[in-house]
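All chains are named by letter (A, B, ...) in the order of the sequence lines, taking the proteins before the strands, and each is independently numbered beginning at 1. Everything quoted here is computed from the prediction, not taken from an experiment.
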Number of protein chains: 2
Amino acid sequence: MRRMTARPANTHQARLLRLLRDGGPRSRAELGDRVDLSRSKLAVEVDRLLETGLVVADGLAASRGGRRSHNIRLAPRLRFLGVDIGATSIDVAVTNPELEILGHLNQPMDVREGPVAVFDQVLAMVGKLRETGVAEAFDGAGIGVPGPVRFPEGVPVAPPIMPGWDGFPVREALSQELGCPVMVDNDVNLMAMGEMQAGVARSVQDFFCVKIGTGIGCGIVAGGEVHRGTTGSAGDVGHIQVEPDGRQCACGNRGCLEAYFGGAALARDAEEAAGEGRSAELARRLAAEGRLTAADVAVAASAGDGTSLDLIRDGGSRVGQVIAGLVSFFNPGLVVIGGGVTGLGHTLLASIRTQVYRQSLPLATGNLPIVLGELGQVAGVTGAARLTSDHLFSPA
Amino acid sequence: MRRMTARPANTHQARLLRLLRDGGPRSRAELGDRVDLSRSKLAVEVDRLLETGLVVADGLAASRGGRRSHNIRLAPRLRFLGVDIGATSIDVAVTNPELEILGHLNQPMDVREGPVAVFDQVLAMVGKLRETGVAEAFDGAGIGVPGPVRFPEGVPVAPPIMPGWDGFPVREALSQELGCPVMVDNDVNLMAMGEMQAGVARSVQDFFCVKIGTGIGCGIVAGGEVHRGTTGSAGDVGHIQVEPDGRQCACGNRGCLEAYFGGAALARDAEEAAGEGRSAELARRLAAEGRLTAADVAVAASAGDGTSLDLIRDGGSRVGQVIAGLVSFFNPGLVVIGGGVTGLGHTLLASIRTQVYRQSLPLATGNLPIVLGELGQVAGVTGAARLTSDHLFSPA
DNA sequence: CGGCTTTGTCCTCGTACTGGAAAAAGTCGC
DNA sequence: GCGACTTTTTCCAGTACGAGGACAAAGCCG
């Protein structure tokens, strides 16, 4: 089961591996065009990579006018595992070396059931994926948790919504079970990396990624690198105050953004609206299911329910208010909105945009796209795989 | 006048130069302890630096138990010029190669008089400093302007408080006049670099620096590097909204932080309080001088004037509210408060702290110092010199 | 089938770096 | 003051590495 994947011996090899990951198979000649190495040097490094088995030759490339070149690709047997533990569900996916998803499972699960139960579930899902034949063992795994993480150690710290996880040795435990290196990060950081790898943020150096799920978090990328902050809690925007002396929030403060919007707040507001008879649509759904979720509001809104639309617009406006401030502060080149409530789609996006463009200065917003994430549910697992491969494809 | 200062030929040399800058003169042996180079290699690189004249031998070092080593120091003739153009005043300083200030001038001047007038003033001040004999020519100059800057080109862009400066080729013009390389940056970024070089932020990797002068800005340092944003307007926190539908701000929006606090707002509030008879102290000062400034409020407050204290506390609370949000977002290891109004001192600091510690989550604030800048008026010019030397001490 | 282009390999040359040895310059104890 | 020990510096040879040219191999095109 345990499999020691080779690591590149130097930065040149690391560079080549990442090129092959992000650009797919290439000929040696094309590689030569991209890196600043002499032909001999390039040949040597490629040969060494072939020896370690990290890359393989893969037939002949199309001719560029002369002799045909041999194609080089990352060893197709490489497999990365991405795990995304959300507040209320778990995503697990397996990728090929190019970080394309070969198999993906999603299962509802409350993170509050604690690390042991969640791990059992994750391992069961991994087993299921293995059975489908997409992977036997893994060369690396990345896992995202919905709270702050001490990144170098791979351990969650003081997670507000994850009782029992504080200090749990996630990296250590998962590494034991899987027999491969494991990286642990905050789920929003992984979402940002995912969108940077394969989504809307390709080749953007400075952006942030607001994830609106049960709670609200934000992955920050500065200069192409994820910014995690001093204690790993950067991006915790859900508890920024939007209303002095406002609603009580679970964190103990008042007026936090999360007290007004996010999956939990939205569900509660919807139930209240249904109870007060402000929306026949929501009331019917409440009666049918016993409770309401953000998804119900989304469906009701697309069916034209005014109250639901108002809820989304109000929430988007609150989020937009916070984002506007952060845009002034950070001056990103892109803002990505993602997470579970993207089902609310363009209504939400429109009200966020309105608020941001109204409140921030022209220089910062003039050319600032605010868009929905492209990857949806697989953003997190893609980012997890990316994080892992970045680690594996760097000199030991 | 023009003087072509040599540049290091490789990263090793650059590394050595920065070590000598930040740690002062050292022996070759001590340098060897810090860098990971063989003795022979080190000797070669030091010799080359000696040849170029960037460093000089400087007597014998104290013995460490055996043969005494020759000291090496940066060429003492090196001079850096730092210029800090504020909204209402200009600072100019000359530093030695270790970035210690040899001469410093400050002169009131309204930046709105335009780039030509300001440049005349700056050059006159530089001339005066030259006359004192601290420098003949300069090896590099850094200049800070109170608005966003397109950093690579060294050109201000769309500066709200600096009409006439948009697109003015600051780098080009100053470089012509001084005959040396010039770097241009936002004044708050320079303040952050200054505190990182010689102030409270030494060896802090992630922090930000809130400058409360006429307006309010914020220098951001992530991973030891200044974050300037996509269009160079990062840190523009003065126009973050603190009060929906609040006071009209000069920028056209409502409820901006700057509409409530900062030198300009504070002066206006003080005059209003004096006019309405809410403070005898302020009224007396208004009568004596015809107008009030933030400094008057500071003096009145330290004399025990309740209204002035209230003004400061209210303002600090507003600033704290914004900082609290940014702390949650960015999770810095330190927050520095600086700028003209630091005369308000600990009253201001206390109310900022109260607000931040109350509003942000424990993980982010648990070990978060919020302190006044150490360098006061010379933070900007020190940062300017640092920026310049960083550029000069990097491979060409 | 013969020129032309591209690709891959081989080989040599110059250079940069390492690590040991020894010389130079001190310190310290007796 | 002298010898043993340290530290610094220089010198030197051995080595590894990379650049770049030459040439062979492979393929396109007329």
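- Using a 4.0 Å cut-off between charged nitrogen and carboxylate oxygen, A:E45 and A:R15 do not count as a salt-bridge pair.
- For A:R202, the CZ atom sits in a packed shell: over 12 heavy atoms of surrounding residues, nucleotides or ligands are nearer than 6.0 Å.
- The stretch residues 12-25 of chain A has no heavy atom under 4.0 Å from DNA chain C, so no residue of it qualifies as close.
- Along DNA chain D, the nucleotide nearest A:N10 and the nucleotide nearest B:S69 are compared for position; the residue whose nucleotide lies closer to the 5' end is B:S69.
- A salt bridge links A:R228 with A:D185: at least one charged nitrogen is closer than 4.0 Å to a carboxylate oxygen.
- Within 6.0 Å of the CG atom in B:D36, the count of heavy atoms belonging to other residues, nucleotides or ligands does not exceed 12.
- Residues from residues 28-47 of chain B that place a heavy atom under 4.0 Å from any atom of DNA chain D, listed by number: B:R28, B:A29, B:R39.
- Partner of A:P76 under the side-chain contact (heavy atoms from CB on, under 4.5 Å) criterion, chosen from A:V56, A:V55, A:D58: A:V56.
- Look at A:S27 and you won't find any side-chain N or O under 4.0 angstrom from OP1 or OP2 of C:dT7.
- The environment of NE2 in B:H70 is sparse: at most 12 heavy-atom neighbours from other residues, nucleotides or ligands sit within 6.0 Å.
- Taking a cutoff of 4.0 Å between a charged side-chain nitrogen and a carboxylate oxygen, B:D47 and B:R28 qualify as a salt bridge.
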Q | Annotated protein contacts, base or backbone, on nucleotides 25-30 of chain D with a non-hydrogen cut-off under 4.0 Å, one of B, S, - each | A | BBSS--
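- Rounded to the nearest 0.5 Å, atoms CZ (B:F80) and OG (B:S389) are 5.0 Å apart.
- Taking a 6.0 Å sphere around CG of B:N367, one finds it holds 12 or fewer heavy atoms contributed by other residues, nucleotides or ligands.
- Checked against A:Q197 for a side chain to side chain donor-acceptor pair (under 3.5 Å), the options A:T382, A:D22, A:D390 give a single hit: A:D22.
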